[in-house]
2 protein chains.
Amino acid sequence: MSQLPNQPAQRPVPTSADVARLAGVSRATVSYVLNNSPTVRISESTRRRVREAATELGYVPHAAARSLRAGHTRMVLLPTVAFPTGPLHHRFFHELESGLRRLDYTVVQYGSTGLDPDDAPRVWAELRPVAVIAPGTIPLTPQGTGLLRRSGAKAVITLGPRPVPGAHALVMDQREVGSCAVGLLLERGRRRIGVVMPEESGLALFAEPRLTGARQAAQPHGARIEPLPLRYEEESAARLADRWRTLDLDAVFAYNDEYAMLLMRALQDAGIDVPRETAVVGADDLMLGRLLRPRLSTVRMELATAQPLADLVDRLVRHPGCAPEHHDLLRVGAVGRESA
Amino acid sequence: MSQLPNQPAQRPVPTSADVARLAGVSRATVSYVLNNSPTVRISESTRRRVREAATELGYVPHAAARSLRAGHTRMVLLPTVAFPTGPLHHRFFHELESGLRRLDYTVVQYGSTGLDPDDAPRVWAELRPVAVIAPGTIPLTPQGTGLLRRSGAKAVITLGPRPVPGAHALVMDQREVGSCAVGLLLERGRRRIGVVMPEESGLALFAEPRLTGARQAAQPHGARIEPLPLRYEEESAARLADRWRTLDLDAVFAYNDEYAMLLMRALQDAGIDVPRETAVVGADDLMLGRLLRPRLSTVRMELATAQPLADLVDRLVRHPGCAPEHHDLLRVGAVGRESA
DNA sequence: TTGAAAGCGCTACCAC
DNA sequence: GTGGTAGCGCTTTCAA
């Protein structure tokens, strides 16, 4: 039953020289034929012989050798880090990837979690990418950027909550989420606003700017902002709910819909009326929030479509040395439902 | 403020020859020093000069040139496809990635959505990976496997719901989810069981085997299984709930917790008592299911820890040509709560 | 302890 | 039309 590998596993990988030999032509001719080189005319019969030889040997060109010879690659490097990333990011990355592929770039995600930020750029540079889109979680220093550029990267782009000075930046400004949520609560007349801060590590990167945004929105109205540490566990929520009345709050922005559902349930179990006594706002506009009673108010988030960004990368590659550009990717909007 | 790129952008990328020149040594010596070659003794003063020259020039070795010379790479290729993947997969991939990195492999995710399954292996083979872990969504033919092996891949591994004959396989058998859920319902005395089939494209890959598993579990008990198409939208759920009583079911396995929450809310709104009239089971054991009333029964899913799998890949690379191995990655367990 | 040189697989220039 | 060949950046054997 098991298709045991009959092939002598150590047969060497066929090269263009092997194809040339089998087809009875030179390596140059093989290269011309297989690349459909327009600068040279090859007879149809030769073409066929070459192609047949290639198929017969299972010849596959060696990308590294090719780009070594060419002196450049079309690789766009996307360093990735372990990340509590939702469907939003997922879709965005996928779109960006296909957009770039359409422009004939080879997109490669390179797991970079735990890489020392100081030598991450070095490691990336070894691959000689033509562009790098680095996540904000790996702080990119001017030295790092310089190193990448010197090793051939035409475009070095950061992707994160804040732009990085001196580099192109795709910005997902999380502060807007916080200010949008608080804006909704202020409209509803709330002035004593808790802001849930998840204790799960990794979320701080989102939570901190959301808190900042909340503060910025509250300030002009003289509203009070109270950070509320919370773990994503029922006991943690219950404990917070237990001491709720001592906090003297009339509203809470719960970081996102999931934390909001958790906290809302705990508040209700503790006899706190939502929204009468405390209004609750989440973020992400999950379908599930609509199913709760009261229906959960939320902040809807949308990322820019990725095709224009693929075009942007292409432009930066073709015209390196432009002044750093910042692009805001995040669009937010409050969705007021029954909970606030 | 903006650190305008003062560097003459077109300064050529420094090579080991440049380092050698600056340090006043040969390229060989540069290579010895920078690779800490143990087979050769270099004076401390030379070492320092070389290192200083390298730093000064911002020299970064060229990975492609290196592997071209070496005749092999340590790249593990993970073709990825657009996919409604949850935190479970996410964590798994990340663990696998760091596990392999620990073994000194370079893990590279390569977006392969929309690639013609016939030439996907060709494209992958151009990168000369030493191992490929291909998702089940891209059917890997024996020819494809052969092509990859012939171009130097020591290990070709599939990762998906079903093993692929003739290749190593990491299996996440979704049928077990279905049988586990139905097992729970059977235990509770239910015999007329609906199985939600999400209409969202892409989910079929999971939903179909779950249905199969449900059928396999129901068969010996003479229980009836009824597939129920459902979109992840309130109206779709409401419509299903409206005609619920005509379906004559006493239980439903709702594909996962999210669909379960959606459907349960619709059933309740339609006046159907859960669990008395209809029991509901989800899957994924989301925290949110515990917050519902009644609390949602579910199927807990766990993926195997990835480090042993990284070790497996390493073993397959070192001993190519072993008989195909199948490893079951998915562990499931029913979690009975109030809804069933 | 260091250097010279070959050669990995490929493409592109220049002869024939 | 087709072939010879140089050279991309690197490592490694062999000689000095």
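Within every chain, numbering begins at 1; the chains are lettered A, B, ... in the order of the sequence lines, protein sequences first and strands thereafter.
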Of the options [options], whose atoms approach the side-chain atoms of [X] most closely?
| X | options | value |
| --- | --- | --- |
| A:Arg27 | D:dT12, C:dG3, C:dC10 | C:dC10 |
| B:Ala65 | D:dC10, D:dG1, C:dC10 | D:dC10 |
| A:Val40 | D:dA6, D:dT11, D:dT2 | D:dT2 |
| A:Tyr32 | C:dC14, D:dC10, D:dC8 | C:dC14 |
| A:Ala28 | D:dG3, D:dG7, D:dC14 | D:dG3 |
| A:Leu68 | C:dG9, D:dT2, D:dT11 | C:dG9 |

Rounded to whole Å, please give me the gap between [atom1] in [X] and [atom2] in [N].
| X | N | atom1 | atom2 | answer |
| --- | --- | --- | --- | --- |
| A:Ile42 | C:dA12 | CD1 | C1' | 13 Å |
| A:Arg69 | D:dC8 | CZ | C1' | 7 Å |
| B:His72 | C:dG7 | NE2 | C1' | 16 Å |

Under-4.0 Å side-chain N/O to phosphate OP1/OP2 contact, [X] with [N]:
| X | N | answer |
| --- | --- | --- |
| B:Arg41 | C:dT1 | no |
| A:Ser26 | D:dG4 | no |
| B:Thr39 | D:dT12 | no |
| B:Thr15 | D:dG9 | no |
| B:Ser16 | D:dC10 | yes |
| B:Ser37 | D:dT11 | no |

**Item:** Atom pair CD/CG of B:Gln143 and B:Asp118 - distance to nearest 0.5 Å
**Value:** 8.5 Å
**Approximate separation, where rounding is to 0.5 Å, of A:Arg21 CZ and A:Ser16 OG** = 9.5 Å
**Complete:** Rounded to 10°, the angle between the first-five-pair and last-five-pair axes of the helix from C:dT1-D:dA16 to C:dC16-D:dG1 is 40°
**Fill in**
By nearest-heavy-atom nucleotide on DNA chain C, the more 5' of B:Ser45 and B:Arg128 is B:Ser45
**Prompt:** Does A:Arg66 use its side chain to pair, donor to acceptor, with the backbone of B:Glu126 at less than 3.5 Å?
**Reply:** no
